[in-house]
Trainee: 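Below is the structure I would like to discuss, written out as structure tokens.
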Amino acid sequence: MDIQKISDSFIGRINPRLVSWAFKYLKAVPAVRRKLEKEFEGLMKDIERQVKPYSKTFTTYTGIPEKGIERDDILKQMEEFKALEEARWKDGFASGAVYNGDEKHIRFLNQVYALNSQANPLHSDIWPSISKYEGEIVSMTAKMLGAGKAGASGKPEKQICGVVSSGGTESILLAMKTYRDWARDKKGITHPEMIVPVSGHAAFDKASQYFKIKIKHIPVDENYRADVSAARKMINRNTIVIAGSAPSFPHGIVDPIDELSGLARERGIGFHTDACLGGFILPWAERLGYDIPPFDFRLPGVTSISADTHKYGYAAKGTSVILYRGSDLRHYQYFKATDWPGGLYFSATFAGSRPGALSAACWAALLSVGQKGYMEATRKILETGTKIKKAIREISDLFILGDPLWVIAFGSKTLDIYRIMDYMAGRNWSLNGLHKPSCVHLCITLRHTQPGVAERFIDDLRSAVTFVKEHPGEKGGMAPVYGLAATIPVRSIVGDLLERYIDVLYKV
Ligand SMILES: *Cc1c(COP(=O)(O)O)cnc(C)c1O
């Protein structure tokens, strides 16, 4: 497991006690390590209690109950969980996570889900409505991302097309598999390589591992944008695709997509814009007059884009769109089995059966929000971003990484930023801890545009800085893991810990 690219949101929220255990372990001599190993099980038990808070107060079902439980009782229990969990994200304490969260919007999506809960687009003959929804989701997203201006209107095989996937990760995995198979077929490349900014999402590393595509990481410059000349030097005859983010998950910075995609075009290789985060913000920001660097299909070198409907598209969780320049490229994504006794089988994405209701909810979200709604939401989010950036810049102990719009990463040259994060966690904030370099980010959603939320964040952040300054001696909870992660032996130990942690998540 490569610690460098483990999903930031995951590592950012991992248990601080686990982290400090790892820190002690690494520094320890063998005898102490053995002692620590004995402590480890106790530690895991503590973590389990935190990760599974309901195991004592609610019934745990390890097998299917003999006799079915009353539906009302099941619903009642779920209402209790909801009541316990809802306030934190609803009141705007979470970075990212829930991007819309408006009650009426949620109720509407739930109605749509209920109407379509049986639909499976694998059976397109039974539910042609879902194929209508998915075709239109792709078309609406493509149009928003410059398809009409892509200079390909004449030839269908050159037109922007795509499919609906289950999320940003699947969109990226699909695109990388597509480039791999395209390059093998068209160029005979058997040892494929991709070139991705170090700030690119961990999904690219996942694709690298799953599909055996070597990944080369482009360093970023002092503004956290991918270094184009470094990327140029990484290209060789095995390169199948270059990628850039619009914007990146860690720092919210848009890479120089124009230059990177130009480079790819020059060399006849693919270029993927990861607009999972920005796909449903940047087009509207541009219309609002913000200075947005080009990133979409208006750039001739951009051959695919991922855009997450389940983030700022305000759909329910579980949909994303992957777009391609031309159906020729899209065909390399498809799976076909012509000899299977089960019949002629095909699927466009990784899944077989899929939840049609999620595509229905996505379609309904796009229709009901509308261009005006997206524009208004974007305006509010960017204005909140401006307010929060200004306040952070006024705190002399903090600095913002690069010049972001609404995903704001900040660090400190004088204080331990993870202690600031810990203090914020004590005030109910769920922020993302990042490393390389050490910083924390807030991904602004509509939840933070509610009255008073930005002010509360700023107040709490000021208190956090004051507190950490006044208590310099205290040990940081999160702090050690990030420094640790830089050294090789630690990487594998932290990797093992993460495996154990995931095991706990599935424990009953
Ligand atoms: C969220 C995100 C992804 C991955 O999306 P999931 O929906 O979590 O799988 C990829 N790239 C960027 C830039 C993202 O912000």
Side-chain angles (χ1 to χ4, degrees), residues 5-13 89 94-100 137 141 145 163-177 194 196-210 215 217-218 220 224-226 241-255 257 260 271-282 293 295-296 302 304-323 349-351 354-355 358-359 361-362 365 381 385 401-402 404-409 430-432 434 441-445:
K5 303 292 286 192
I6 285 163
S7 160
D8 300 279
S9 52
F10 181 70
I11 197 164
R13 288 161 188 171
W89 60 259
S95 168
V98 177
Y99 292 77
N100 184 301
I137 292 165
T141 308
L145 295 173
V163 308
V164 176
S165 80
S166 65
T169 298
E170 189 182 10
S171 289
I172 290 168
L173 291 176
L174 286 167
M176 297 305 112
K177 183 211 94 80
M194 54 170 139
V196 183
V198 68
S199 52
H201 196 272
F204 289 101
D205 300 83
K206 206 176 201 177
S208 160
Q209 288 185 23
Y210 281 9
I215 188 163
H217 286 126
I218 313 169
V220 290
Y224 298 90
R225 301 167 83 232
V241 61
I242 303 176
S245 313
S248 65
F249 172 84
H251 318 121
I253 305 287
V254 180
D255 283 317
I257 306 289
L260 289 172
F271 185 87
H272 181 84
T273 299
D274 178 11
C276 280
L277 200 52
F280 284 83
I281 292 272
L282 297 177
F295 70 98
D296 64 18
V302 172
S304 58
I305 302 181
S306 49
D308 282 356
T309 38
H310 72 189
K311 286 183 180 158
Y312 295 99
Y314 308 128
K317 272 287 174 279
T319 62
S320 168
V321 175
I322 171 68
L323 298 169
T349 62
F350 294 131
R354 291 189 296 120
L358 292 182
S359 293
C362 175
I381 287 167
L401 284 79
L405 279 170
W406 78 99
V407 180
I408 303 162
S430 172
L431 304 176
N432 296 78
L434 322 176
H441 90 198
L442 174 70
C443 172
I444 297 172
T445 70

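Atoms within each ligand, like the ligands themselves, are counted from 1 in listed order. Only this structure's heavy atoms are used, side chains among them; waters, hydrogens and symmetry mates stay out.
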Trainee: Hey, which atoms in ligand 1 end up nearer than 4.0 Å to a heavy atom of Pro247?
Mentor: 13 (C)
Trainee: Within ligand 1, which atoms have a heavy atom of Cys276 less than 4.0 Å away?
Mentor: 2 (C), 3 (C), 10 (C), 11 (N), 12 (C), 14 (C)
Trainee: For a side-chain hydrogen bond (donor to acceptor under 3.5 Å, both in side chains) check, start with the C-alpha distance between Ser165 and Thr349, then their side-chain angles and the critical distance, and finish with the verdict.
Mentor: CA-CA 7 Å; Ser165 80; Thr349 62; over 6 Å; no
Trainee: May I ask you to decide if the ring planes of Tyr224 and His251 are parallel, tilted or perpendicular, using 30° and 60° as cut-offs?
Mentor: tilted
Trainee: Starting at CD1 of Ile242, measure out to OG1 of Thr273 and round the result to the nearest 0.5 Å.
Mentor: 11.5 Å
Trainee: Could you tell me which atoms of ligand 1, counted from 1 in the order shown, lie closer than 4.0 angstrom to a heavy atom of Gly168?
Mentor: 4 (C), 5 (O), 6 (P), 7 (O), 9 (O)
Trainee: Any idea which atoms of ligand 1 are less than 4.0 Å away from a heavy-atom of Phe249?
Mentor: 13 (C), 15 (O)
Trainee: Going by distance only, is there an N or O of Ser248 that falls short of 3.5 Å from an N or O of ligand 1?
Mentor: no
Trainee: Specify the protein heavy atom at minimum distance from atom 13 (C) of ligand 1: its residue, its atom name, and the distance to 0.1 Å.
Mentor: Asp274 OD2, 3.3 Å
Trainee: Looking only at non-hydrogen atoms, find the nearest pair between Ala307 and Gly279 and report the distance.
Mentor: CB-CA, 4.2 Å
Trainee: With atom 2 (C) of ligand 1 as the reference point, say which of Lys311, Lys206, His310 has the nearest heavy atom.
Mentor: Lys311
Trainee: So Asp255 and Phe295, do their side chains get closer than 4.5 Å, heavy atoms only?
Mentor: no
Trainee: For Thr169, counting its heavy atoms only, list the atoms of ligand 1 lying under 4.0 Å from any of them.
Mentor: 4 (C), 5 (O), 6 (P), 9 (O)
Trainee: Between Thr309 (side chain only) and Ala315 (backbone N and O only), is there a donor and an acceptor less than 3.5 Å apart?
Mentor: no
